[in-house]
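What follows is a set of notes on a single structure, which appears directly below.
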Amino acid sequence: MNITKSDILAEIKFIDHGFFDRTGGKNIGKFESLNVGINRGDENVLENRKNIANQFGVSLSDLVILNQKHSDIVHVITEKNLEQYKFKDVDQALKNEGDAIITNLKNLLIGVNTADCAPILLCDKDLQYIAAIHAGWRGSNGKIIENTVEKMKDLGCKNIAAAIGPCLQKRYFEVKNDIISQMDRRYISFIGEKTLFDMQLQVLEKLIKSGVKSVSKLNIDTFSNDNYFSYRKLGENCGLQFSGIIIKE
């Protein structure tokens with residue numbers, strides 16, 4: 001498994017985190033090889049998820065990924081509602097719909113699936129809260145980032161660091177007229193006959209505007225790098241890679 005880390009988050013000693021690529025898994029064919037999307041018709045997904053969880057010293061039941069819907073919904077996981085999120089089977093996991101997770105529980109690995117969308121991992125250095133956000137162009141133009149940071153602030157967080165993982169970069173993010181009207185034009189560029197969207201910059205500026213103290217970005221493009229799944233390159237039935245964060249015991 002190939003795991004990339006953020007320098008900002010790596011400095012925080014009570015957490016572990018990682019942005020995985022698509023290599024080092026059990027799958028073959030179009031899902032080769034570390035696909036973690038359980039709604040893709042891929043029988044090796046749970047084995048891949050189990051092996052990722054083991055990388056962080058936990059079991060499959062302690063790995064939480066929501067059924068992502070490009071929504072503005074944020075889940076806060078506590079001791080009281082933990083049982084709802086601990087993985088039991090695919091049907092149970094798909095019931096938890098949303099695009100961001102916040103928790104302060106130890107040994108609970110939270111994360112997101114992506115294949116061009118931006119994975120964002122956050123941590124409050126003082127209160128020891130962590131979060132994971134899935135932000136595609138809908139989420140980036142919506143409120144998923146603001147909602148997550150606001151909920152962290154409601155929990156008392158004031159010293160939040162964030163890292164933006166591998167995603168579709170501006171030079172390959174061509175958009176059509178039917179969705180331009182839904183986007184913030186500050187992040188739209190017209191290059192020749194192409195209309196390009198800078199999702200990564202929008203995510204970065206939204207995090208800062210929301211009050212995140214420090215932000216890093218990996219600048220890894222999922223379209224041009226064959227080590228990553230890319231919806232734009234491979235189509236809607238491609239696999240999904242994992243990004244996650246955990247508070248260590």
Requested in this report: For a side chain to side chain donor-acceptor pair (under 3.5 Å) with Lys233, tell me which candidate from Thr222, Asn225, Asp226 qualifies.
Outcome: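 The side chain to side chain donor-acceptor pair (under 3.5 Å) with Lys233 is passed solely by Asp226 among Thr222, Asn225, Asp226.
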Might you point out which heavy atoms bring [X] and [Y] nearest each other, and give the distance in Å?
X      : Y      : value
Cys117 : Cys167 : O-CB, 3.5 Å
Ile8   : Val215 : CD1-C, 3.5 Å
Val74  : Ile102 : CG1-CD1, 3.8 Å
Pro119 : Phe19  : O-CE2, 3.8 Å
Cys123 : Ile245 : CB-CD1, 4.3 Å

Under 3.5 Å, is there a donor-acceptor pair between the [X] and [Y] side chains?
X      : Y      : result
Asp99  : Ser71  : yes
Asn27  : Glu32  : no
Gln182 : Asn141 : no

[Y] side chain reached by [X] side chain, heavy atoms, under 4.5 Å:
X      : Y      : value
Leu207 : Ile164 : yes
Val112 : Ile133 : no
Gln169 : Phe223 : no
Tyr172 : Ser224 : yes
Ile246 : His17  : no
Asp62  : Lys86  : yes
Leu82  : Leu105 : yes
Met1   : Thr23  : no

Verify, without hydrogens or angle tests, whether [X] (side chain) and [Y] (backbone) share a donor-acceptor contact under 3.5 angstrom.
X      : Y      : value
Asn96  : Gln84  : yes
Ser33  : Gly25  : yes
Asn35  : Gly239 : no
Asp21  : Tyr228 : no
Arg49  : Val36  : yes
Thr148 : Ile144 : yes
Gln241 : Phe229 : yes
Gln55  : Gly18  : no
Ser230 : Ala115 : no
Thr78  : Lys80  : yes

Report task. Using the salt bridge (Lys or Arg N to Asp or Glu O under 4.0 Å) rule, collect all pairs that involve residues 195-222, keeping only residues at least two apart or in two chains. Result -> Glu146-Lys206
With rounding to the nearest 0.5 angstrom, report the [atom1] to [atom2] distance, [X] to [Y].
X      : Y      : atom1 : atom2 : value
Ile101 : Leu109 : CD1   : CG    : 9.0 Å
Asp72  : Arg138 : CG    : CZ    : 12.0 Å
Asp91  : Ile38  : CG    : CD1   : 8.5 Å
Asn104 : Leu108 : CG    : CG    : 10.0 Å
Phe31  : Asn44  : CZ    : CG    : 10.5 Å
Met152 : Lys158 : CE    : NZ    : 14.0 Å

Can you tell me if [X] has over 12 outside heavy atoms packed within less than 6.0 Å of its [atom1]?
X      : atom1 : value
Lys143 : NZ    : no
Lys151 : NZ    : no
Lys194 : NZ    : no
Asp7   : CG    : no
Asn81  : CG    : yes

**Report entry** Ring geometry between His134 and His70 (parallel below 30°, tilted from 30 to 60°, perpendicular above 60°)
**Finding:** tilted
Query raised in the report: Which of these passes side-chain contact (heavy atoms from CB on, under 4.5 Å) with Lys125: Asn159, Ile15, Leu9?
Result: Asn159
Requested in this report: Give the C-alpha distance, both sets of side-chain angles, the deciding distance and a yes or no for side chain to side chain contact (heavy atoms under 4.5 Å, CB included) between Arg22 and Leu234.
Outcome: CA-CA 13 Å; Arg22 65 182 289 182; Leu234 301 172; 3.6 Å; yes
Requested in this report: Decide salt bridge (Lys or Arg N to Asp or Glu O under 4.0 Å) for Arg186 and Asp184; before the verdict, give the C-alpha distance in whole Å, the side-chain angles of both, and the deciding distance to 0.1 Å.
Outcome: CA-CA 5 Å; Arg186 289 176 295 179; Asp184 188 330; 2.6 Å; yes
Query - Note: Glu11-Lys13 ion pair, threshold 4.0 Å (strictly below) - result: no
Report task. May I ask you to check whether Phe20 and Phe242 place their ring centers less than 6.0 Å from one another? Result ->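 Ring centres of Phe242 and Phe20 closer than 6.0 Å.
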Query raised in the report: Would Ile130 and Leu121 count as a side chain to side chain contact (heavy atoms under 4.5 Å, CB included) if you check the C-alpha gap in whole Å, the side-chain angles of each, and the deciding distance to 0.1 Å?
Result: CA-CA 8 Å; Ile130 55 174; Leu121 304 179; over 6 Å; no
Report task. Could you please spell out the steps behind the side chain to side chain contact (heavy atoms under 4.5 Å, CB included) verdict for Val175 and Met183? Result -> CA-CA 10 Å; Val175 294; Met183 294 178 161; 3.6 Å; yes
Query raised in the report: Under the side chain to side chain contact (heavy atoms under 4.5 Å, CB included) criterion, do Thr195 and Phe197 qualify, and how do the steps go?
Result: CA-CA 7 Å; Thr195 304; Phe197 173 55; over 6 Å; no
Query raised in the report: Does one hydrophobic cluster hold both Ile208 and Ile160, with members joined at side-chain heavy-atom distances below 4.5 Å?
Result: yes
Query raised in the report: Taking a hydrophobic cluster as the set of Ile, Leu, Val, Met, Phe, Trp and Tyr residues connected by side-chain heavy atoms closer than 4.5 Å, whether directly or through intermediates, do Tyr187 and Phe173 fall within one such cluster?
Result: yes
